[in-house]
Amino acid sequence: MPSPKKLKKWRSQAQEHAENAEHAADRAEAALRRIEELTGASAPGSAAGDPADSEERSRVYTSVRGADDTPPAAAVP
């Protein structure tokens, strides 16, 4: 088993990578919304056009913590 010092380092790195991934997902969603605004079209599979769909779907990595949200990548076993 690795030393506690290494485990602490790996945990810290994993949290940092997870945060970076969540920020990247936020930036990608913002870019997609901006592209949709500029072109006036929605991307395939996007819930931008139908408000009912947007309530059914949660954002995969950036959803707010709650009972029915999808966990961030770092929390998936």
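Index from 1, following the sequence.
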query: Who pairs with Arg27 by salt bridge (charged side-chain N to carboxylate O under 4.0 Å, His left out), at least two apart in sequence or on another chain?
result: none

Rounded distance (nearest 0.5 Å) linking atom CG of Leu38 with atom CD of Glu36: 10.5 Å

- prompt: Just how far is it from atom CD of Glu29 to atom CG of Leu32, taken to the nearest 0.5 Å?
  reply: 8.0 Å

task: Please answer whether the main-chain N or O of Ile35 pairs with a side-chain N or O of Thr39 as donor and acceptor at a distance below 3.5 Å.
output: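 Yes: the side chain of Thr39 pairs with the backbone of Ile35.
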
field: Test side chain to side chain donor-acceptor pair (under 3.5 Å) applied to Gln13 - qualifying residues, sequence neighbours left out
entry: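 Listed in chain order: nothing, the list is empty.
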
field: With Lys6 via side-chain contact (heavy atoms from CB on, under 4.5 Å) - residues at least two apart
entry: Pro2, Ser3, Trp10

